[in-house]
Amino acid sequence: MANKVILHLRAEDKPLEARAALTPSTAKELLQTGNFEIFVEKSSQSAFKAEEYAAVGCKIVPEGSWVKAPKNRIILGLKELPEEKFPLVHEHIQFAHCYKNQAGWQDVLSRFPKGQGTLYDLEFLENDQGRRVAAFGFYAGFAGAALGVEDWAFKQTHSDDEDLPGVTPYPSEAALVKDVKKSLDAALAKGAKLPTVLVIGALGRCGSGAIDLLKKIGIPDANIIKWDMKETAPGGPFKEIVQSDIFINCIYLSQPIPPFVNYETLNVPDRKLRTVVDVSADTTNPHNPIPIYTIATVFNKPTVKVDTKVGPKLSVISIDHLPSLLPREASEFFVRDLLPSLKELPNRETAPVWSKAKALFDKHVSRLDLKSHL
C-alpha cells in the first residue's frame, strides 16, 4: 500500500520568476489518485492564482510557510532557495545548481545534511535510459531566441549608448511572437538585412525551441545555421560564430570542452556578431564554453556588454530562467512531463527515478568538506 504524500508547493522568490513546479491541472490529477495531499503557498508573482489551486482541492497557505511546515511534507519548488544558512529539514524537489562545481555549491548543498534533509534535483531526474524525465529546454530556447532577436533589432534602431530595456513575462506565446516580429520589422525598415543566426545544440529540446521561434517570426531556413555535436566535434573556437549576427548556445554542458568563442576570435575587424544568447547560462562553471562574460543577466537588465577592442557593440544574454518569459505555457509543458514521476512519489524509496536521485544526492554530499560546512 502506497504511503500518502503531502506536497507543499512553495512560492518562488527569484525576481520575475512566474513559473510553478506544479500547475492547477496537474495538482488535480495527483489529488484524484487519492495518494496526495497538497498545500500551495500564496504567491505574489506566480502566473497561477491561488484560487486556481483551491478550485481543484489544494489547501492554500501563506507565502514562505514552508520553512516551518511539518517535516513530513515534501517541499516542491523550481528555482534555488534564497541564500540563507539555516539547516533544511525537509525533502526538497527543485533545481539546486550545486552538482557541477558551480560557485558556492558546497554552501548550497551542505544545508541539507545539516538538517538531515534531502534534495531531489529536478535537473537530474532520469528514467532507466538515462534521459531526463522533464526539462524546460524547449521554452528556454524559444524565449532565448526571442530576446536575442529583440537585442539584435534594438541595436539596429538605437545608438550603442543604449541597452535593451527590461522585459516582463508574457501572457502567451502568440503575444511574444507578435512583439519580436514587430521589432524585427522595425530593424528591416531601417535598412538592416535579416540576421544570420547560428544555433549550437540545434538537435536538442532547447535548440528546437530556438529554431521554432526564429521560423515563427519569419527568419528563413537559409539564415539559420544549425550545429550540433558533429559540427562542434573538432573543438573551438569557431570563426563561424563571429561571422553570424546572433549566436545562441543551447548545449547541455556535461564535461569540459574547448571554448566555442573567446576574446581573441571576437577582436577582429570583420566581426558581424552583435548578440550572444547563452541559454545554458553556465556562468560560474569553470568550463563555460563562452568565457566572454562573468555575470548572469536578469529580465529587468537582460544584457551585459562584452569588452571588445574592435568591431560593433556586442552583448550577452545569460538569463538562467528564460522559460519564465512564458510562465504558463512553460510550466504546463514541464510539469506534464514530470507528472508520471510525481505519481511515483508514494514509493520513492524504490521507484527508479527517485531512488537514483537520492543516490546522486548522497554521492555529492560525500564530496563536501564536512569540517568547513557541517
Side-chain angles (χ1 to χ4, degrees), residues 10-21 66 75-88 90-115 117-126 132-137 139-141 143-144 201 204-206 249-257 277-291 293-299 304 316-325 327 330-331 334 338 356-369 373:
R10 60 175 170 84
E12 301 293 328
D13 59 5
K14 191 180 185 78
L16 296 176
E17 178 54 84
R19 292 173 296 170
W66 69 268
I75 310 303
L76 177 60
L78 280 181
K79 300 306 293 182
E80 62 273 16
L81 295 169
E83 294 182 10
E84 304 279 357
K85 295 188 180 297
F86 63 86
L88 298 171
H90 299 91
E91 293 175 274
H92 286 257
I93 302 172
Q94 64 176 72
F95 289 101
H97 306 297
C98 62
Y99 284 177
K100 296 192 290 185
N101 296 328
Q102 293 97 330
W105 74 270
Q106 293 202 22
D107 294 327
V108 173
L109 186 58
S110 64
R111 294 178 64 192
F112 294 93
K114 279 181 183 178
T118 300
L119 167 66
Y120 302 103
D121 197 309
L122 286 167
E123 184 177 351
F124 299 94
L125 296 185
E126 297 180 345
R132 291 178 65 181
V133 299
F136 279 103
Y139 276 106
R205 289 170 167 144
C206 178
N249 176 42
C250 291
I251 72 159
Y252 179 76
L253 184 63
S254 58
Q255 61 186 16
I257 58 174
V277 183
D278 189 5
V279 180
S280 303
D282 282 304
T283 313
T284 63
N285 191 308
H287 305 297
N288 180 10
I290 307 176
Y293 71 99
T294 58
I295 66 168
T297 60
V298 291
F299 281 136
V304 58
V316 174
I317 294 168
S318 58
I319 299 169
D320 68 1
H321 58 131
L322 280 166
S324 199
L325 199 61
S331 297
F334 177 82
L338 183 63
K356 285 170 61 178
K358 175 61 164 61
L360 186 63
F361 166 72
D362 291 337
K363 173 185 173 182
H364 286 287
V365 166
S366 72
R367 299 171 55 214
L368 285 169
D369 179 352
H373 294 275

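Predicted model, so just to flag it, every value in this text is computed and none were measured.
A side-chain N or O of Glu17 and one of Ser324 form a donor-acceptor pair less than 3.5 Å apart. The closest side-chain donor-acceptor pair between Asp278 and Asn249 falls under 3.5 angstrom.
Ring pair Phe299/His321: centre-to-centre distance below 6.0 Å.
At least one side-chain heavy atom of Leu338 sits under 4.5 Å from a side-chain heavy atom of Leu125. Proximity of Leu322 to Phe136: side-chain heavy atoms (C-beta onward) are nowhere separated by under 4.5 Å. Side-chain contact between Ile93 and Ile75 is absent, with no heavy-atom pair separated by less than 4.5 Å. The shortest side-chain heavy-atom distance between Pro15 and Val298 does not fall under the 4.5 Å cut-off. Two residues are said to be in side-chain contact when any heavy atoms from C-beta on lie closer than 4.5 Å; Asn101 and His287 fail this criterion. You'll find the side chain of Gln94 reaches within 4.5 Å of the side chain of Leu119, heavy atoms only.
Between Gly144 and Val279 the shortest heavy-atom distance is CA-CG2, 4.4 Å. Listed here is the closest heavy atom pair of Pro323 and Ala330: O-CB, 3.5 Å. Summarising the geometry of Gly201 relative to Cys250, their closest heavy-atom pair is O-CB, 4.1 Å, with the distance given to 0.1 Å. Considering every non-hydrogen atom in both Ala357 and Tyr120, the closest pair reads CB-CD2, 3.9 Å. Of all non-hydrogen atoms in Ile319 and Ala281, the two that sit nearest each other are O-CB, 4.2 Å. Of all heavy-atom pairs spanning Thr283 and Ser318, the tightest one is OG1-CB, 4.4 Å.
Between Glu12 atom CD and Leu81 atom CG the span is 9.0 Å, to the nearest 0.5 Å. In this structure, CG on Leu109 lies 6.0 Å from CZ on Phe361, to the nearest 0.5 angstrom.
Formation of a donor-acceptor pair under 3.5 Å by the Ser331 side chain with backbone atoms of Arg19 is not found in this model. Checking side-chain atoms of Asp121 against main-chain N and O of Ala96 turns up a donor-acceptor pair under 3.5 Å. Judged purely by atom type and a 3.5 angstrom limit, Ser280 uses its side chain to pair as donor or acceptor with the backbone of Ile251. In this structure, Thr118 contributes its side chain and Phe112 its backbone to no donor-acceptor pair below 3.5 Å. Remark: side-chain polar atoms of Lys79 are paired, donor with acceptor, to backbone N or O of Asp320 under 3.5 angstrom.
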Task: Residues Arg111, Glu84; criterion side chain to side chain contact (heavy atoms under 4.5 Å, CB included); working and verdict - done: CA-CA 9 Å; Arg111 294 178 64 192; Glu84 304 279 357; 3.7 Å; yes
Open item on the list: Is there a salt bridge (charged side-chain N to carboxylate O under 4.0 Å, His left out) between Glu123 and Lys100? Walk through the geometry before answering.
Closed with: CA-CA 11 Å; Glu123 184 177 351; Lys100 296 192 290 185; 3.3 Å; yes
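The aromatic rings of Trp66 and Phe86 sit tilted relative to each other, their planes meeting at an angle between 30° and 60°. Note on ring orientation: taking the six-membered ring where Trp is involved, the planes of His97 and Phe95 are parallel (angle under 30°, cut-offs 30° and 60°). Between Tyr99 and His364, the angle of the ring planes stays under 30°, which puts this pair in the parallel group of the 30/60° scheme.
A salt bridge links Glu80 with Lys14: at least one charged nitrogen is closer than 4.0 Å to a carboxylate oxygen.
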